[in-house]
Amino acid sequence: MDHRDFVAGLDVETRTALTTRSDAAGFWQLGFHLLFLGVTGLGIALLPGPWWLLALVPHGIGLVFLFTLEHEATHKTPFASEGWNEAVGRVCGFVLLLPFNWFRYFHLAHHRWTNLPGLDPELEGASPVTLWQWAVHVSGVPYWISQGRLLGQLVQGRGLASYIPFNARARVVVEARWMAAGYAAVALSLWVTPVMVWYWLLPVVLGQPFLRLYLLAEHGDLPFVADMFRNTRTTFTTPLLRRLAWNMPYHIEHHVMPAVPFHQLPKVHGLMRARLQVTAAGYVAFTKGYLARRR
């Protein structure tokens, strides 16, 4: 049974229930994520002496995992309200140097052609082969360089790949220009106060390696086939990380049924758990295996 057979085997009532979006669930989860950022932010503000530096990393982890919310927003699933999906997606994109309009089409192409070379845009970046390449990748430095380059190209009306529809290209360029103007304003604010450095810029740099490690588990070292049960990995993890990641560790479940909102993914997992072919017992376990294969 491949993923298409699984979906075809679900009755209409079950599929309808699973794909029902909810503003209440979305705001509850968003509130949790903002509470996490508030607590870590207070740590930066209030911890004495050098101890406040320790709060920078968890704060950064909370910020970079807004990626999973932006990702959900590309599917229009975190909230029932489309306006909230669009607004939240754009805010997250600004925080992470990841233009929301551009990312939506990039990510939809990834779903359409998951793990198929020459078609899936996520495969265009070099996959780490050696331990050194892995270390460079996990550092996050290539991410910031590539996203900075992409934003510069989009501002100039370039870098518009074939997966971006012609009728959406103007919106992608306009959004990039507004983002560039926003970053210029942030840069100017640093002449007045360093608050953006301590609560945003430095934390996202420190947190990015954790997001890189998390993302490697989704499709890393899996076969180049069309079956979502074989080209995608579900990772079992702690409740806290699963919450921060908007249930996206249930990644096979998400790829098999991408219209299912985050709060329904545990139910999808319950329906398909016996059919999962690729799982990891945690991100530490996945990383150990990933590194062992590179030795």
Side-chain angles (χ1 to χ4, degrees), residues 32-33 36-37 40 53-72 74 92-93 95-98 103 106-107 110-111 114-115 120-148 150 200-223 231-255 262 265 269 276 278-295:
F32 167 81
H33 207 126
F36 181 91
L37 289 172
T40 55
L53 292 170
L54 298 178
L56 291 173
V57 171
H59 190 67
I61 291 172
L63 287 173
V64 298
F65 272 87
L66 288 172
F67 167 84
T68 53
L69 172 53
E70 181 178 4
H71 155 267
E72 272 283 280
T74 66
C92 293
V95 170
L96 301 172
L97 194 59
L98 187 61
F103 181 58
F106 173 93
H107 187 66
H110 163 64
H111 268 269
T114 304
N115 234 34
D120 183 351
E122 282 200 2
L123 295 177
E124 292 175 4
S127 178
V129 175
T130 67
L131 291 176
W132 171 248
Q133 290 172 349
W134 173 86
V136 172
H137 174 83
V138 169
S139 74
V141 172
Y143 170 82
W144 297 116
I145 292 174
S146 66
Q147 290 308 116
L150 171 68
W200 173 28
L201 302 178
L202 182 56
V204 294
V205 169
L206 295 175
Q208 189 61 223
F210 296 89
L211 182 63
R212 294 299 106 196
L213 289 168
Y214 161 84
L215 291 174
L216 279 175
E218 293 182 343
H219 305 282
D221 287 353
L222 292 181
N231 66 19
T232 305
R233 180 183 287 103
T234 282
T235 303
F236 302 112
T237 187
T238 64
L240 175 59
L241 181 51
R242 196 161 51 243
R243 287 290 299 273
L244 275 180
W246 289 68
N247 276 335
M248 282 304 113
Y250 292 128
H251 211 60
I252 296 174
E253 296 81 350
H254 167 68
H255 267 262
F262 70 94
L265 286 176
H269 174 71
L276 299 183
V278 188
T279 63
Y283 289 96
V284 172
F286 165 77
T287 300
K288 286 181 178 178
Y290 192 86
L291 292 178
R293 290 187 290 274
R294 271 138 194 83
R295 294 193 189 98

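Just so we're clear, the structure is a prediction, and the values are computed from it rather than from any experiment.
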[atom2] on [Y] to [atom1] on [X], rounded to 0.5 Å:
{"X": "Leu213", "Y": "Gln208", "atom1": "CG", "atom2": "CD", "result": "10.0 Å"}
{"X": "Leu63", "Y": "Leu56", "atom1": "CG", "atom2": "CG", "result": "10.5 Å"}
{"X": "Leu37", "Y": "Ile61", "atom1": "CG", "atom2": "CD1", "result": "11.0 Å"}
{"X": "Cys92", "Y": "Leu98", "atom1": "SG", "atom2": "CG", "result": "9.5 Å"}
{"X": "Met248", "Y": "Thr234", "atom1": "CE", "atom2": "OG1", "result": "10.0 Å"}
{"X": "Leu276", "Y": "Thr232", "atom1": "CG", "atom2": "OG1", "result": "10.5 Å"}

Using atom types as modelled and distance alone, determine if a side-chain donor or acceptor of [X] lies under 3.5 Å from a backbone N or O of [Y].
{"X": "Trp134", "Y": "Leu291", "result": "no"}
{"X": "Arg233", "Y": "Thr279", "result": "no"}
{"X": "His33", "Y": "Gly62", "result": "yes"}
{"X": "Arg242", "Y": "Pro249", "result": "no"}
{"X": "Gln147", "Y": "Trp144", "result": "no"}
{"X": "Asn231", "Y": "His219", "result": "no"}
{"X": "Asn115", "Y": "Leu222", "result": "yes"}

Checking [X] now: which residues fulfil side chain to side chain donor-acceptor pair (under 3.5 Å) with it, not counting sequence neighbours?
{"X": "Thr235", "result": "none"}
{"X": "Tyr143", "result": "none"}
{"X": "Glu70", "result": "none"}
{"X": "His254", "result": "His71, His75, His111"}

Tyr283 and Tyr290: CA distance, side-chain angles, deciding distance, ring-ring contact (aromatic ring centres under 6.0 Å, His included) verdict: CA-CA 10 Å; Tyr283 289 96; Tyr290 192 86; over 10 Å; no

So which atom in Ser139 and which in Pro209 form the shortest heavy-atom distance, rounded to 0.1 Å?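 That would be O-CG, 3.7 Å.
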
With the side chain counted from C-beta on, respond yes when [X] and [Y] share a heavy-atom pair under 4.5 Å apart, and no when they do not.
{"X": "Val138", "Y": "Leu216", "result": "yes"}
{"X": "Thr287", "Y": "Val284", "result": "no"}
{"X": "Thr68", "Y": "Phe262", "result": "no"}
{"X": "Glu124", "Y": "Pro121", "result": "yes"}
{"X": "Phe286", "Y": "Phe236", "result": "no"}
{"X": "Arg294", "Y": "Val129", "result": "no"}

Show, in sequence, the C-alpha distance, side-chain angles and deciding distance for Leu66 and Trp246, and conclude whether the side chain to side chain contact (heavy atoms under 4.5 Å, CB included) test is met. CA-CA 9 Å; Leu66 288 172; Trp246 289 68; 5.6 Å; no

Holding to side chain to side chain contact (heavy atoms under 4.5 Å, CB included), I want the full list of residues that pass it with Val136, two or more places apart in sequence or in another chain.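 Checked Val136 against side chain to side chain contact (heavy atoms under 4.5 Å, CB included); matches are Trp132, Pro142.
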
Salt bridge (charged side-chain N to carboxylate O under 4.0 Å, His left out) against Arg243, all qualifying residues, sequence neighbours excluded: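 Partners of Arg243 under the salt bridge (charged side-chain N to carboxylate O under 4.0 Å, His left out) test: none.
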
Quick check on the 6.0 Å ring-centre criterion: do Phe210 and Tyr214 meet it?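 No, too far apart.
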
is_close_aromatic(His269, His251), centroid dist under 6.0 Å: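 Not close enough - the centres of the two rings lie 6.0 Å or further apart.
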
